[in-house]
Visitor: 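Sharing a structure, written as C-alpha cells. Questions coming.
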Amino acid sequence: MSAPASNLTINADRLWSTIIETARFGGTDKGGVRRLTLSEEDRQVRDWFRAACEAAGCTVTVDGLGNMFALRPGKDMTKPPLGIGSHLDTQPTGGKFDGVLGVMAALEVVRTLNDAGIETDAPLCICNWTNEEGSRFAPAMMGSAGYVADLPVADILARTDAEGVSVGTALDAIGYRGPEEVGAQKLSGFLELHIEQGPILEAEGLPIGVVEHGQGIIWYDGRITGFESHTGSTPMHLRKDALATLSEIVLAIEALAKAHGPNAVGSVGEAVIARPSRNVIPGEIAFSGEFRTPDAGILDALDKALQDKVKEIAARRKVDVRLDTIWRKEPTHFDPVMTGAIAAAADRLGLPHRPIVSGAGHDSFHLATLVPTAMIFVPCKDGVSHNELESAKPDDCAAGTNVLLHAVLAVAGGGA
C-alpha cells in the first residue's frame with residue numbers, strides 16, 4: 001500500500017551520505033573534488049551512478065556524448081518522462097555540491113517514491129549531463145547543448161582539451177560513448193536542484209530560491225601578438241607589449257561590466273604568456289574573457305563596446321589582437337508553470353522562498369529552449385563555489401530535495 005504523497009519527505013541522511021560518498025571520486029586533500037569531465041575519476045562516479053540507479057529500479061542508457069539517462073517507469077509510458085538531475089563533473093578545484101547535489105537529489109526522489117510505493121503518472125528520468133563545467137573542454141554545458149541541437153554532435157566530439165585530446169577520444173577512453181542517438185531520449189520537462197553559487201539566499205536567511213531567469217553568456221578566446229624584445233634596452237615608446245595590452249583589455253572588461261551594472265558581470269579567467277622570461281617583454285599572449293547578463297540588449301551592447309575598445313587598444317599599441325566569440329548563450333526565461341510548481345511545493349512544505357536570477361550557467365538553460373524547465377536554488381556557505389571550500393548545510397540540501405520531490409509529483413502526477 002502506498003504512503004500518502006502529501007506527507008512525503010525524503011530521507012535526509014541517505015541524501016547526505018550519497019553526497020559524501022561520491023566526493024571520494026576525485027576527492028582532494030582540502031576536502032574538495034577534482035573530477036574533470038571524461039577523466040578516470042568521472043568514469044568512476046559514472047559507474048557508481050549507473051549502479052545506484054539500476055538498484056533503484058531504473059533502466060540506464062547513454063547517448064553518443066556520454067549523457068546518462070536513468071528511466072523510472074510511470075503509469076502511462078506513452079508520455080515522455082519528466083527529467084530531473086544535473087551533472088557530476090567538477091572544476092579542477094571544485095567542491096562536493098556543484099552539480100552533484102542535483103543528481104543525488106534526483107536519485108533520492110526516486111528512492112523516496114520507491115520506499116513509499118508511489119508510481120507517478122508520467123515516467124521520470126534522472127539525467128547526468130556531460131561536461132557542464134567546461135573546464136576541460138569548451139564550451140560549458142556541452143552535453144545538454146548537443147541534446148537540444150544547439151551545437152552539432154560532430155563539432156562537440158572534435159573539440160580538444162589543452163593536451164589535444166578530443167571529446168570523442170576521451171569518451172572512448174572511459175567507455176562512455178554510448179550507443180543511443182543524441183536527443184533520442186525525449187523529455188516532457190526538466191527540473192534541476194542546485195546550490196545558488198552566490199550569497200543572496202544565505203544573506204537573507206532563506207532556504208529556497210525559485211529561479212525565474214538565467215543570465216546570457218558570451219565567451220571569448222583572444223590572442224595578442226606584439227613583439228618580444230629586451231626589457232632593458234627597448235625604449236618605452238617603442239615597445240609592443242602584449243601583457244600591457246592585455247592589462248588594458250582586462251580593465252576594459254571590468255569597466256564595461258560596471259557601466260552596465262548591477263545586472264552585468266565580466267572577467268578574464270585565463271592568460272598564458274608564450275615563452276615567458278624575466279627580462280623579455282611579452283610578445284604573445286592567449287587569454288579568455290566573458291560577459292554575463294540576464295538582458296539580451298545589454299549583452300549586445302557589451303559585445304559591441306568590447307570589440308570597439310579592443311580595436312582602439314590594438315591600434316594605439318601597434319599590436320595585433322584577435323578576439324573570437326567561441327560561445328554565446330542568450331538569457332534564459334524559465335517556464336512559469338514549472339516555477340509555479342516549485343513555489344507551490346515550497347509553500348506546501350512551509351519553506352520561505354524568493355524569486356532569483358541564476359548568475360552561473362546550467363544545463364537547464366539549454367533544456368529551457370526545448371521543454372518546460374525550471375530550477376531550485378539552496379544556499380551555499382558565503383556564496384562560494386568552484387572552490388574546494390564550497391559547502392552547503394545538510395538541512396538546506398534536504399529542504400531543496402523535498403521541494404524537488406513535491407514539484408515532481410505535481411508535474412509528473414501522483415501527488416494527490
Visitor: Would the distance check show the side chain of E270 and the main-chain N or O of S288 forming a donor-acceptor pair, the cut-off being under 3.5 Å?
Guide: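 Not confirmed, E270 side chain does not pair with S288 backbone.
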Visitor: Should R43 and D47 count as an ion pair when the cut-off is N to O under 4.0 Å?
Guide: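 Looking at R43 and D47, the cut-off is met.
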Visitor: Tell me, do L367 and S144 make a side-chain contact under 4.5 Å, heavy atoms counted?
Guide: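 Yes; the side chains approach each other to less than 4.5 Å.
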Visitor: Is a salt bridge present between R177 and D172, judged by a nitrogen-to-oxygen distance below 4.0 Å?
Guide: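 Counted as a salt bridge, because a side-chain N and a carboxylate O are separated by less than 4.0 Å.
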Visitor: Please check if atom NZ in K329 has more than 12 non-hydrogen atoms from other residues, nucleotides or ligands closer than 6.0 Å.
Guide: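 Buried by this count: over 12 neighbours within 6.0 Å.
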Visitor: Can you give me the closest heavy-atom contact between A105 and L193, atom names plus distance?
Guide: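 Looking at all heavy atoms of both residues, the closest pair is CB-CD2, 3.5 Å.
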Visitor: Any Lys/Arg nitrogen of D396 or K381 sitting under 4.0 Å from an Asp/Glu carboxylate oxygen of the other?
Guide: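 Here D396 does not pair with K381 in a salt bridge, since their nearest N and O are not under 4.0 Å apart.
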Visitor: Is the shortest heavy-atom distance from the side chain of L15 to the side chain of S17 under 4.5 Å?
Guide: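 Contact flag for L15/S17 side chains = no.
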Visitor: Have T293 and D295 got a donor and an acceptor in their side chains that come within less than 3.5 Å?
Guide: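 Judged by distance alone, the side chains do not pair up.
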Visitor: List the atom of G283, the atom of A242, and the distance in Å for their closest heavy-atom pair.
Guide: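 It is C-CB, 3.8 Å.
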Visitor: Take atom CZ of R322 as the centre, draw a 6.0 Å sphere, and report whether it contains more than 12 heavy atoms from other residues, nucleotides or ligands.
Guide: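 Counting neighbours around CZ of R322, 12 or fewer heavy atoms of other residues, nucleotides or ligands fall under 6.0 Å, so no.
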Visitor: Between Y220 and W327, does the ring centroid distance fall short of 6.0 Å?
Guide: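 Distance test on ring centres: not under 6.0 Å, no.
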Visitor: Answer whether the closest heavy-atom distance between the side chains of L404 and N402 falls below 4.5 Å.
Guide: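 No, side chains not in contact.
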Visitor: Please lay out, stage by stage, how L201 and I356 fare under the test side chain to side chain contact (heavy atoms under 4.5 Å, CB included).
Guide: CA-CA 9 Å; L201 293 176; I356 198 166; 4.1 Å; yes
Visitor: Can you find a heavy atom in the side chain of V167 that is under 4.5 Å from one in the side chain of N131?
Guide: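 The answer is no, as the side chains (C-beta and beyond) never meet within the 4.5 Å cut-off.
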Visitor: Looking at side-chain heavy atoms only, is the closest gap between E390 and V33 below 4.5 Å?
Guide: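 No, every pair of side-chain atoms sits at 4.5 Å or beyond.
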Visitor: Does this structure show an ion pair linking E248 with R316, if we count only N-O contacts that are shorter than 4.0 Å?
Guide: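 Salt bridge present between E248 and R316.
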Visitor: For R34, is there an ion pair with E41 - N to carboxylate O distance below 4.0 angstrom?
Guide: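 Not counted as a salt bridge, because no side-chain N and carboxylate O are separated by less than 4.0 Å.
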Visitor: Just checking, any donor-acceptor pair under 3.5 angstrom between side chains of S364 and E192?
Guide: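 E192 and S364 do have a side-chain donor-acceptor pair below 3.5 Å.
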Visitor: Please lay out, stage by stage, how Y147 and W129 fare under the test ring pair (Phe, Tyr, Trp, His ring centres under 6.0 Å).
Guide: CA-CA 9 Å; Y147 176 84; W129 302 103; 5.2 Å; yes
Visitor: Taking V403 as the fixed residue, which of V210, I376, V378 is the one that meets the side-chain contact (heavy atoms from CB on, under 4.5 Å) rule?
Guide: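 Passing option: I376.
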Visitor: Should K79 and P123 count as side-chain neighbours, where that means a heavy-atom distance under 4.5 Å?
Guide: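 A side-chain contact exists here, since the closest heavy-atom pair is under 4.5 Å.
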Visitor: Mind running side chain to side chain contact (heavy atoms under 4.5 Å, CB included) on H213 and T332 for me, showing each step along the way?
Guide: CA-CA 5 Å; H213 305 286; T332 299; over 6 Å; no
Visitor: Does R35 come within less than 4.0 Å of D42, counting only side-chain N to carboxylate O?
Guide: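 No, R35 and D42 are not salt-bridged.
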Visitor: Could you pull out the closest heavy-atom pair between A341 and V411, with the gap in Å?
Guide: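 Taking A341 first and V411 second, the nearest heavy atoms are CB-CG2, 3.9 Å.
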Visitor: So, for A138 and I326, which heavy atoms are closest and what is the spacing to 0.1 Å?
Guide: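 Distance-wise, the nearest heavy atoms are CB-CD1, 4.3 Å.
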Visitor: Is there side-chain contact between I126 and F49, with at least one heavy-atom pair below 4.5 Å?
Guide: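 Result yes, sub-4.5 Å side-chain heavy-atom pair found.
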Visitor: Take S358 and F365 through the side chain to side chain contact (heavy atoms under 4.5 Å, CB included) test and state the conclusion after the steps.
Guide: CA-CA 10 Å; S358 174; F365 289 18; 3.8 Å; yes
Visitor: Are any of the side-chain heavy atoms of P81 and Q185 separated by less than 4.5 Å?
Guide: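 Of all side-chain heavy-atom pairs linking Q185 with P81, at least one is under 4.5 Å.
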Visitor: Do the numbers put R46 on top of the ring of Y176, so that NZ or CZ is under 6.0 Å from the six-membered ring centre and no more than 45° off the axis?
Guide: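 Cation-pi check for R46 and Y176: passes.
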Visitor: Answer yes if the side chains of E388 and T28 hold a donor-acceptor pair under 3.5 Å, and no otherwise.
Guide: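 Their side chains do contain a donor-acceptor pair, which is all the 3.5 Å distance test asks for.
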Visitor: If we count only N and O atoms by modelled type, under 3.5 Å, do the side chains of T339 and E212 hold a donor and an acceptor together?
Guide: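 Looking only at side-chain atoms, E212 and T339 do not form any donor-acceptor pair under 3.5 Å.
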Visitor: Regarding D63 and T61, is there a side-chain donor-to-acceptor distance under 3.5 Å anywhere?
Guide: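 No pair is found: no donor N or O on one side chain lies under 3.5 Å from an acceptor on the other.
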Visitor: Taking only residues two or more places apart in sequence or in another chain, which ones pass ring-ring contact (aromatic ring centres under 6.0 Å, His included) with F137?
Guide: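 Partners of F137 by the ring-ring contact (aromatic ring centres under 6.0 Å, His included) criterion come out as none, since no residue qualifies.
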Visitor: So that I can tick it off, tell me whether E284 and R223 are bridged by a salt bridge, with the cut-off set at under 4.0 angstrom between side-chain N and carboxylate O.
Guide: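 Salt bridge between R223 and E284, a charged N being under 4.0 Å from a carboxylate O: yes.
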Visitor: Would a distance-only check, ignoring hydrogens and angles, find a side-chain to backbone donor-acceptor pair under 3.5 Å from R136 to L38?
Guide: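 Confirmed, R136 side chain pairs with L38 backbone.
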Visitor: Closest heavy-atom contact between G64 and V182?
Guide: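 Reported closest heavy-atom pair: N-CG2, 3.8 Å.
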Visitor: When you measure from the side chain of K318 to the backbone N and O of A315, does any donor-acceptor pair fall under 3.5 Å?
Guide: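 Pair absent, no side-chain N/O of K318 close to backbone of A315.
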Visitor: Carefully, step by step, assess H87 and D98 under the rule side chain to side chain contact (heavy atoms under 4.5 Å, CB included).
Guide: CA-CA 8 Å; H87 62 96; D98 177 2; 3.4 Å; yes
